[in-house]
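Below you'll find the structure, written out as structure tokens, and then a few comments.
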Amino acid sequence: MTATDQMRAMLDQLMGTSRNGDGTRYALKFSDAKVCKSFLLGCCPHEILASTRMDLGECPKVHDLALRADYENASKNKDYYYDIEAMEHLQAFIADCDRRTEAAKKRLSETQEELTAEVAEKANAVHALAEEIGKKLAKAEALGEAGQVEESMELMTEIEELRAKKSKAEQEYRSSMPASTYQQQKLRVCEVCSAYLGIHDNDIRLADHFGGKLHLGFMAIREKLTELEKTAGPRKAELRRTGSYRDRDEDRYKSRYYVGGRELDRRSRVHRSRSRERRHKSSSSRRVSRSRSRSRSRSRHSSKRRSHSRERDRY
């Protein structure tokens, strides 16, 4: 995006569709069914998870900063109940993602060696300390980049204490099982973003995970959903009770507009398939290139031999 595009987007966000004194150039209004209501409230998963491993692609509905500015101005005088629609959107998305997490847990339980209750408790203790270290380390790095050095140093002191506790917990976990079993990588599924975490992951790997865009994006979505359920949930129930809120065919609505965990799985498979195709093409092109190189080399050697043969015949 150029500097001009950035300035244009900032003006759209601040002043809406009529920033140039002409509001007719926009064919859509923020109230149009084609406009993403979750985007208007700043919580569309397509936008939040963009450029991550679980990128959902482009939202099937319209995203426009100018329309968001129009909505924010209009909502000061009228309740459009878009928070209820956004809540339903996030509920469908998170429900699908939670099913994806449960499926990942089930796969792990089928492939990893089952631990006794005592050993599993010790493994969970190591995981919990590792996660806490990763979260604090990511936060300390963010504070350091923001110039809050003292707060960052305080967190680093807490991290050192947690590392000592984790080392002790790891010793207890290691001593509770055979060495061969301990060496097996024990994985755990992140409850927030469903990524896999290993019990032997180092602090940098965990900090990258907990401070990464994917995990923070899922945290933002879940926090927004909790907030909407507290505010929009009771309003939705009251509207349904009084009959003021038009019931919708939720299954049809969600299948048309929502992208959740199942779609994430599909997109992930497509991404892996395309990656394999690219690697195969790259490998094939290298083989063809090597073959052509050997062919040219043989041709040069053959040409030299014929040249030497002609020279000998002269003499």
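Just so it is clear, the model here is predicted, and its values are computed rather than measured.
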Contact summary for Lys29 and Leu67, nearest pair of heavy atoms:
C-CD2, 4.1 Å

Charged N to carboxylate O below 4.0 Å: is that the case for Lys122 and Glu170?
no

Would you mind checking if Lys105 and Glu191 are paired as a salt bridge, meaning a charged N to carboxylate O distance below 4.0 Å?
yes

Within the side chain of Ser152, is there an N or O that forms a donor-acceptor pair under 3.5 Å with the backbone of Gln148?
no

If only atom types and distance count, is the side chain of Lys136 paired as donor or acceptor with the main-chain N or O of Gly134 below 3.5 Å?
no

Give the C-alpha distance, both sets of side-chain angles, the deciding distance and a yes or no for salt bridge (Lys or Arg N to Asp or Glu O under 4.0 Å) between Lys236 and Asp83.
CA-CA 10 Å; Lys236 177 182 176 181; Asp83 54 341; over 6 Å; no

Is the shortest side-chain N to carboxylate O distance from Glu238 to Arg241 below 4.0 Å?
yes

Please answer whether the main-chain N or O of Ala74 pairs with a side-chain N or O of Asn77 as donor and acceptor at a distance below 3.5 Å.
no

Salt bridge check: are Arg235 and Glu85 linked by an N-O gap of less than 4.0 Å?
no

Could you work out, with side chain to side chain donor-acceptor pair (under 3.5 Å) as the rule, every residue matching Gln171, not counting sequence neighbours?
none

Do NZ/NE/NH1/NH2 and the carboxylate oxygens of Glu227 and Lys230 come within less than 4.0 Å?
no

Check whether Asp32 reaches the backbone of Val35 with its side chain - one donor and one acceptor, N or O, closer than 3.5 Å.
no

Do the rings of Phe218 and Phe93 sit parallel, tilted or perpendicular, given the 30° and 60° boundaries?
parallel

Can any side-chain N or O of Arg188 pair as donor or acceptor with the backbone N or O of Gly198 at less than 3.5 Å?
no

Answer yes or no: is there a donor N or O on one side and an acceptor on the other, between the side chain of Ser167 and the main chain of Ala164, under 3.5 Å?
no

Heavy atoms only: give me the nearest Lys213-Ile48 pair and the separation to one decimal.
CE-O, 3.9 Å

Please confirm whether the backbone N or O of Ala69 pairs with a side-chain atom of Asn73, one donor and one acceptor, at under 3.5 Å?
yes

Give the ring-plane orientation class for His63 versus Phe39, where under 30° counts as parallel, over 60° as perpendicular and anything between as tilted.
parallel

Distance (rounded to the nearest 0.5 Å) between Thr231 OG1 and Ile84 CD1
9.0 Å

Is the backbone of Cys97 close enough, under 3.5 Å, to the side chain of Thr101 for a donor and an acceptor to pair up by distance?
yes

Look at Glu160 together with Arg163 and state whether they make a salt bridge at an N to O cut-off of under 4.0 Å.
yes

